[in-house]
Amino acid sequence: MSTILDDKLYDHASRAKGAVVLITGASKGIGKASALEFAKYGAKLVIGDIDVENGERTVAEITGSGGDAVFHRCDVTKWDDQVALFELAISKFGKVNVVVPNAGIGEVGQFGVVTVVNGKPTKPDLRTTEINLIAVMQTVHLTLHYLDKPKDDPAELRSLVLIGSMASFEGIPHAPNYTCAKHGILGFSKGIAPYLQARGIRSGVVCPFFADTDILHVGVKAFLAGIPLVPVPRIAGAIFNAATELDPDTDGAAWTLPDDGPVFRIEKPTLTEGVYKMINQRAERLTKFAESVQYTFSTIAVLVRLLGGKAWTILAVVVIAILWRSL
């Protein structure tokens, strides 16, 4: 686990300049703070939210400071709304570099209370899970398409930052839906990682304790009286750091903020005993093989350009040699 002090959160801020950053739920709170931070370092913002008034205010703040941003009303539970948000980014800026599926809500309904109508139990309210997990998965699905490797600059910044919570690690009493969703975000980040890595998209999960945002209703704020909350600007800094960090060993890590202190980064934990040792070894071999195949085809392209039709015999030898080495 690594400690990241505030002044280190922006070590790679230059990578944000000119990048197109798409954030859902950026009309207020953590999403807005993150949008303003990215804009401060020269990024172009695409903001989606159901709160039109505050979303347009966020855009006005960015453009008023000399930045570039657009807003689109987006209900993340509606697939077409999400597609339209990505399409807006493409039509306005020509690309998407960073995606932050931030839109979320607190616990809705009382899952532990079974309501009975006409002698039969009614369906539970699962809106928290639908917005905080299912809609996020849909955003990530679109990320796989819209952030695919650009042909002009394969090294260009491309990253996905998911928003977890300390509830990604610990259950929150009386909030089973919220806990389920945030546990799911952490698990989903691990499952989706191979698809992202294959496209050159780095990822991270930011997991803060409670912050003073609208997601906390009055009762929760009263319960937390005297307990230090996480500063919203620091959460935004952790999101920025997760998106722009260069170290490949941090790809897929979790940035945690357990209190009002510094950010802690937990590198990817893995199980290494029993069958997991075998699985990890096979995964490493498959990754090495995939890298060898990619290198092989790059070599083929170069040799064909240099040698023309005479290259095929040489190419066959090169392919066999490289693939044999990877096994």
- Query: Side-chain contact, heavy-atom cut-off 4.5 Å: His141 with Trp79?
  - Reply: yes
- Message: Contact between Asn97 and Glu156 at the side-chain level, heavy atoms closer than 4.5 Å - yes or no?
- Response: yes
- Task: Quick one: name the residues clustered hydrophobically with Phe111, using the 4.5 Å side-chain heavy-atom rule over I, L, V, M, F, W, Y, and just say none if it's on its own.
- Result: Leu126
- Answer yes or no: is there a donor N or O on one side and an acceptor on the other, between the side chain of Ser168 and the main chain of Lys182, under 3.5 Å? yes
- Message: Any carboxylate oxygen within less than 4.0 angstrom of a Lys/Arg side-chain nitrogen, looking at Asp125 and Arg127?
- Response: yes
- Query: Does the Thr122 side chain pair with the main chain of Thr115, one donor and one acceptor, at a distance under 3.5 Å?
  - Reply: yes
- Message: Please give me the minimum heavy-atom distance between Met1 and Phe264, naming the atom from each residue.
- Response: SD-CB, 3.9 Å
- Side chains of Ile172 and Phe210: closer than 4.5 Å at any heavy-atom pair? yes
- Message: With a 3.5 Å distance limit and no angle check, can you tell me whether Thr77 reaches the backbone of Ile131 through a side-chain donor-acceptor pair?
- Response: no
- Task: Please examine the side chains of Met137 and Leu133, heavy atoms only from C-beta on, and report whether any two atoms are closer than 4.5 Å.
- Result: yes
- Message: What I'd like to find out is whether the side chain of Val108 reaches to under 4.5 Å of the side chain of Asn177, using heavy atoms alone.
- Response: no
- Message: Just verifying a value: how many Å separate Phe71 CZ and Thr63 OG1, rounded to the nearest 0.5 Å?
- Response: 13.5 Å
- Query: What is the distance from atom CG of Leu246 to atom NE2 of His12, rounded to the nearest 0.5 Å?
  - Reply: 4.5 Å
- Can you measure from CG (Leu45) to CZ (Phe93) and round to the nearest 0.5 angstrom? 8.0 Å
- Salt bridge flag under 4.0 Å for residues Arg73 and Asp49: no
- Item | Selection residues 8-20 - residue pairs positive for salt bridge (charged side-chain N to carboxylate O under 4.0 Å, His left out), sequence neighbours left out | none
- Query: Does the side chain of Val205 reach to within under 4.5 Å of the side chain of Val161, using non-hydrogen atoms?
  - Reply: no
- Less than 4.0 Å between a side-chain N and a carboxylate O, is that true for Arg57 and Glu61? no
- Item | Any donor-acceptor pair under 3.5 Å from Thr129 side chain to Ala181 backbone | no
- Query: Could you go step by step and tell me if Val46 and Val20 meet the side-chain contact (heavy atoms from CB on, under 4.5 Å) rule?
  - Reply: CA-CA 7 Å; Val46 180; Val20 178; 4.0 Å; yes
- Message: I need the minimum non-hydrogen distance between Leu144 and Ile192, along with the two atoms involved.
- Response: CD1-CD1, 4.2 Å
- Query: Looking at Leu157 and Ala19, what are the two nearest heavy atoms and their distance?
  - Reply: CD2-CB, 4.1 Å
- Item | Side chains of Thr24 and Asn102, donor plus acceptor under 3.5 Å | no
- Item | Side-chain donor/acceptor of Ser27 to backbone N/O of Gly55, under 3.5 Å | yes
- Donor-acceptor contact below 3.5 Å, side chain Arg199 vs main chain Tyr195: yes
- Task: Measure from the side-chain N and O atoms of Asn132 to the backbone N and O of Tyr178, and report whether any donor-acceptor pair falls under 3.5 Å.
- Result: no
- Task: Return the minimal non-hydrogen interatomic distance between Asn54 and Lys28, and the atom names on each side.
- Result: ND2-CD, 3.7 Å
- Query: For Ile23 and Ser34, what are the C-alpha separation, side-chain angles and deciding distance, and is it a side-chain contact (heavy atoms from CB on, under 4.5 Å)?
  - Reply: CA-CA 8 Å; Ile23 307 179; Ser34 300; 4.2 Å; yes
- Message: Would you compute the distance between atom CD of Glu245 and atom CG of Leu9 and round it to the nearest 0.5 angstrom?
- Response: 10.0 Å
- Item | Closest heavy-atom pair and its distance - Pro262, Leu5 | CB-CD2, 4.1 Å
- Message: Taking NZ in Lys92 as the centre, count heavy atoms belonging to other residues, nucleotides or ligands within less than 6.0 Å. Is the count above 12?
- Response: no
- Note on the structure: When rounded to the nearest 0.5 Å, the distance separating CG of Leu85 from OG1 of Thr139 is 8.5 Å
- Query: Would you call the rings of Tyr41 and Tyr10 parallel, tilted or perpendicular, where under 30° means parallel and over 60° means perpendicular?
  - Reply: parallel
- Item | Residues Lys40 and Glu37 bridged, charged N to O under 4.0 Å | yes
- Looking only at non-hydrogen atoms, find the nearest pair between Ser165 and Cys207 and report the distance. O-CB, 3.4 Å
- Run the numbers on Thr250 and Glu267 for side-chain contact (heavy atoms from CB on, under 4.5 Å), then give the verdict. CA-CA 6 Å; Thr250 67; Glu267 277 70 25; 4.3 Å; yes
- Message: Under 4.5 Å between side-chain heavy atoms, counting indirect links through other Ile/Leu/Val/Met/Phe/Trp/Tyr residues: same cluster for Ile50 and Ile30 or not?
- Response: no
- Task: Say whether, by atom type as modelled, one donor and one acceptor occur between the side chain of Gln82 and the main chain of Leu142 under 3.5 angstrom.
- Result: no
- Cluster overlap Leu88 with Ile90, hydrophobic side-chain contacts below 4.5 Å: yes
- Separation between OG (Ser2) and CZ (Arg265), nearest 0.5 Å, reads 4.5 Å
- Message: Do Val140 and Phe188 make a side-chain contact, defined as non-hydrogen atoms from C-beta onward lying under 4.5 Å apart?
- Response: yes
- Task: Report yes if some heavy atom in the side chain of Ile235 is under 4.5 Å from a heavy atom in the side chain of Leu257; otherwise report no.
- Result: yes
- Message: Go through it in stages, so that I can follow the logic: the residues are Asp81 and Val76, the test is side-chain contact (heavy atoms from CB on, under 4.5 Å), and I'd like the CA-CA distance, side-chain angles, deciding distance and then a yes or no.
- Response: CA-CA 7 Å; Asp81 278 16; Val76 293; over 6 Å; no
